Visitor: 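This is the structure, below, for whatever I ask next.
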Amino acid sequence: MCSLFFLVILSAILACDCLTKDDVLVYTVATEETDGYLRYMDSAKEFGIKPNILGFGQEWKGGKEIRTKPGGGWKINLLKEALQKHKDESDKVVLFTDAYDVIFSNNLDEILKNFKATGAKVLFGAEPFCWPNPELAPMYPEVKDGKRFLNSGLYMGYVPELLKLLYRKSIGDDEDDQLYFTEAYLDETFRESIKMKLDHTSTLFQNLNGATSEIEIYVNESKDKKIPEKYVVKNYFTHTEPMVIHGNGFSKLTLNYLGNYVPNMWNSLEGCIKCKERTLNLANQPVKAMPLVYMAIFIEVNTPFLEEGLQKVYNLDYPKERMHLFIHNAAKYHTSLVKNFTEKYASEYLSFKQILAEDGTPEWTARDLSLDQSTAKNVDWYFSLDSIVHLDNPQTLRLLIEQNRSVVAPLLVRSGKAWSNFWGALTKDGFYARSKDYLEIVYNKKRHLC
Ligand SMILES: *[C@@H]1O[C@H](CO)[C@@H](O)[C@H](O)[C@H]1NC(C)=O
Ligand SMILES: *[C@@H]1O[C@H](CO)[C@@H](O)[C@H](O)[C@H]1NC(C)=O
Ligand SMILES: *[C@@H]1O[C@H](CO)[C@@H](O)[C@H](O)[C@H]1NC(C)=O
């Protein structure tokens, strides 16, 4: 009687739909610490999510060029291996995401809630392209709303059903994971046996490729002026607030744009929040330990106030014995001025090389040469400076290095003009497009530091 009673309680517990965020196992695959990886981890940290990183420090085995060529089977094989220790935990839910081109924009409780609401046991994100095999498109069930085709960069499922999917067939490391999952999905009997569904309307998963025009950042202003506003990704087409965002295929720039705000990356009270992390302080560095800089100056056109411009380079508050100086002068008009500058100051630098206007070296050759030289000299930083630029702040170089980012530039503006040295967006053919935040940044209304 007693044990029967116990059994009843036990089965009640098993049947109970009381999963919490602690029952969600989050996995991703990343082999190295790229900027995309750091962004992914920052967004996870924001919501207290602790992803299990598979394949870290290993050689990528999933095919040559993941963005445009099939591949990624390795991700499946890594996940199968990792799930071995959870194979009997039927009450656990796995959330798998890519890493370098993914950000979280909500917490696991909300993610779990939306997952359960779909009624799926295994849920994949959807996209408008049938890839990598477009011939399979007619075999997909028709959908009334949203995107019809499977994308394998984001998915979620209960352990037993997910394992059935992962073990349905074997897959080579360099075979295509999206094709693997697509074939399983198109097998109707199998699909229904594990309740496999696609998140057609992005209630949870947003794949951006082919959907960028549906997406906007919504600003949730706070009534209390001391509490910063919040930025939320909204899909104005499906009227959803997706919780995991994937910049798949050619939508990386859109993800970069969203990732400047979401989740909690910038706000008008604190500025760029993440920019303050992982920074360096050079203040107490002995000169010998200062990063080595290769300063390459390009005088490609006759330039007004060149003398002052060069003087400002010389005035940078940075030890010259940690700087290599390179000057390409393509303007004969400036020969004497450059000569005077170099005769006076060049010897203070660690090394000096110049290409004279009389040599007739084309600009791109000179730029390539300076890059080759900086590599050969094994410097920490390569700083490219055009003669039309004036670095008014002598701390510029220090401040840039202290950001400790892989690529960094000062914001250059022409006072009162919409011109600047950065583009917030690109057109399809790679030319300038004005991003929504472009003018606010150029007019210094959206600042790095507030
Ligand atoms: C805006 O923020 C408030 C407070 O955090 C929240 O209750 C509300 O749901 C948010 N609105 C939207 C549209 O996200
Ligand atoms: C500088 O950046 C690198 C790469 O992201 C990181 O490993 C390092 O910890 C950073 N340095 C500091 C002082 O945070
Ligand atoms: C360079 O220096 C020489 C000698 O001091 C001077 O005569 C000449 O005007 C200078 N050239 C420029 C462009 O300043």
Side-chain angles (χ1 to χ4, degrees), residues 30-43 45-47 53 56-57 99-100 104-107 109-111 113-114 202-204 206 215-236 238-243 245 258-259 261-265 267-269 272-285 289-292 299 302-311 314 327 329 331-346 354 356-358 380-381 387 398-408:
T31 54
E32 54 183 329
E33 193 189 273
T34 62
D35 289 342
Y37 171 84
L38 292 171
R39 172 178 61 192
Y40 172 83
M41 292 303 279
D42 280 343
S43 75
K45 197 167 144 208
E46 191 61 33
F47 299 111
I53 320 294
F56 202 81
Y100 302 141
F104 292 100
S105 62
N106 216 323
N107 60 45
D109 284 321
E110 292 298 312
I111 288 174
K113 199 167 91 192
N114 277 17
S202 297
T203 57
L204 186 54
Q206 181 66 58
I215 301 296
E216 287 283 347
I217 297 176
Y218 170 82
V219 189
N220 193 347
E221 302 282 356
S222 141
K223 287 199 185 71
D224 182 344
K225 287 292 159 217
K226 288 196 196 87
I227 297 172
E229 75 281 10
K230 285 228 175 325
Y231 294 83
V232 185
V233 174
K234 285 209 179 200
N235 186 320
Y236 283 90
T238 57
H239 305 286
T240 55
E241 275 178 28
M243 301 180 173
I245 319 290
L258 299 173
Y261 297 91
V262 178
N264 198 27
M265 297 296 168
N267 68 56
S268 59
L269 293 183
C272 177
I273 293 150
K274 294 298 167 188
C275 301
K276 290 166 199 149
E277 295 173 9
R278 292 190 290 270
T279 57
L280 305 174
N281 182 359
L282 296 180
N284 300 317
Q285 288 273 25
M290 294 285 270
L292 279 173
I299 307 163
N302 290 354
T303 310
F305 306 108
L306 179 64
E307 193 173 355
E308 290 80 355
L310 289 176
Q311 191 65 44
Y314 179 77
I327 300 180
N329 177 22
K332 286 201 178 110
Y333 176 79
H334 291 310
T335 296
S336 152
L337 194 159
V338 173
K339 187 162 168 269
N340 287 3
F341 177 80
T342 57
E343 274 175 0
K344 199 160 166 197
Y345 297 128
Q354 73 172 323
L356 302 170
E358 289 68 21
D380 302 295
W381 289 96
S387 60
R398 267 174 194 272
L399 289 168
L400 290 175
I401 291 174
E402 286 182 339
Q403 299 307 303
N404 191 30
R405 293 308 187 255
S406 50
V407 178
V408 64

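Order of listing sets the numbers, starting from 1, for every ligand and every atom in it. What's counted below: heavy atoms across the whole structure, side chains too, no hydrogens, waters or symmetry copies. Keep in mind the model is a prediction, meaning the values are calculated, not measured.
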Visitor: Near Leu337, which atoms of ligand 3 are under 4.0 Å from a heavy atom of that residue?
Guide: 13 (C)
Visitor: Could you identify the single nearest non-hydrogen protein atom to atom 4 (C) of ligand 1 and state the distance to 0.1 Å?
Guide: Asn220 ND2, 4.7 Å
Visitor: Got the closest protein heavy atom to atom 3 (C) of ligand 3, with its distance?
Guide: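 Answer for atom 3 (C) of ligand 3: Asn340 ND2, 3.4 Å.
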Visitor: For ligand 3, is there an N or O atom under 3.5 Å from any N or O atom of Glu307?
Guide: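 N/O-N/O distance under 3.5 Å: no.
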Visitor: Against Asn235, only a single residue in Glu216, Glu241, Gln206 fulfils side chain to side chain donor-acceptor pair (under 3.5 Å); can you say which?
Guide: Gln206
Visitor: Looking at every non-hydrogen atom in both residues, tell me the closest pair between Leu269 and Pro228 and how far apart they are.
Guide: CD1-N, 3.6 Å
Visitor: Within 4.0 Å of atom 7 (O) of ligand 1 (strictly less), any protein heavy atom?
Guide: no
Visitor: Which atoms from ligand 2 have a heavy atom of Leu280 less than 4.0 Å away?
Guide: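 The list of qualifying atoms is 11 (N), 13 (C).
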Visitor: Which ligand 3 atoms, with their elements, are less than 4.0 angstrom from a heavy-atom of Ser336?
Guide: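 Close to Ser336: 1 (C), 10 (C), 11 (N), 12 (C), 13 (C).
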Visitor: Report yes or no: does Asn329 contribute a side-chain atom to a donor-acceptor pair with the main-chain N or O of Leu356 at less than 3.5 Å?
Guide: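 Not at all, since once roles are kept as given, no pair shorter than 3.5 Å links the two residues.
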Visitor: Are any non-hydrogen side-chain atoms of Leu310 and Leu337 less than 4.5 angstrom apart?
Guide: yes
Visitor: For atom 14 (O) of ligand 2, find the nearest protein heavy atom and state the residue, atom name and distance (0.1 Å precision).
Guide: Arg278 CA, 3.2 Å
Visitor: Which atom names give the shortest non-hydrogen contact between Arg398 and Met290, and what distance separates them?
Guide: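 Minimum heavy-atom contact is NH2-CE, 3.7 Å.
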Visitor: Evaluate Leu400 against Trp381 for side chain to side chain contact (heavy atoms under 4.5 Å, CB included), listing each step before the verdict.
Guide: CA-CA 10 Å; Leu400 290 175; Trp381 289 96; over 6 Å; no
Visitor: How about Phe104 and Phe47: are their ring centroids closer than 6.0 Å?
Guide: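 When the ring centroids of Phe104 and Phe47 are compared, they turn out to be at least 6.0 Å apart.
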Visitor: Looking at Leu38, which atoms of ligand 2 are within less than 4.0 Å of one of its heavy atoms?
Guide: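 Taking each heavy atom of Leu38 in turn, ligand 2 has 5 (O) under 4.0 Å.
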Visitor: Record the part of Glu277 in heavy-atom contact with ligand 2 below 4.0 Å; permitted values are side chain, backbone, both and neither.
Guide: neither
Visitor: For Glu229 and Tyr231, which I'm curious about, is there any donor-acceptor pair between the side chains at under 3.5 Å?
Guide: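 There is such a pair (donor and acceptor under 3.5 Å, judged by atom type) between the side chains of Glu229 and Tyr231.
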Visitor: Would you please say whether a donor-acceptor pair under 3.5 Å links the side chains of Thr31 and Tyr100?
Guide: yes
Visitor: So which bit of Thr279 gets within less than 4.0 Å of ligand 2, heavy atoms only: side chain, backbone, both or neither?
Guide: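 Just the backbone.
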Visitor: Is Tyr218 close to ligand 1, meaning an N/O of one under 3.5 Å from an N/O of the other?
Guide: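 Min N/O separation from ligand 1 is not below 3.5 Å for Tyr218.
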Visitor: Is Asp35 in contact with ligand 2, taking contact as a heavy-atom separation below 4.0 Å?
Guide: no
Visitor: Less than 4.0 Å is my threshold; does some heavy atom of Glu33 fall inside it relative to ligand 2?
Guide: yes
Visitor: Which residue and non-hydrogen atom of the protein lie closest to atom 9 (O) of ligand 2, and at what distance in Å?
Guide: Asn404 ND2, 4.8 Å
Visitor: Which heavy atom in His334 sits nearest to a heavy atom in Thr303, and how many Å separate them?
Guide: NE2-N, 2.8 Å
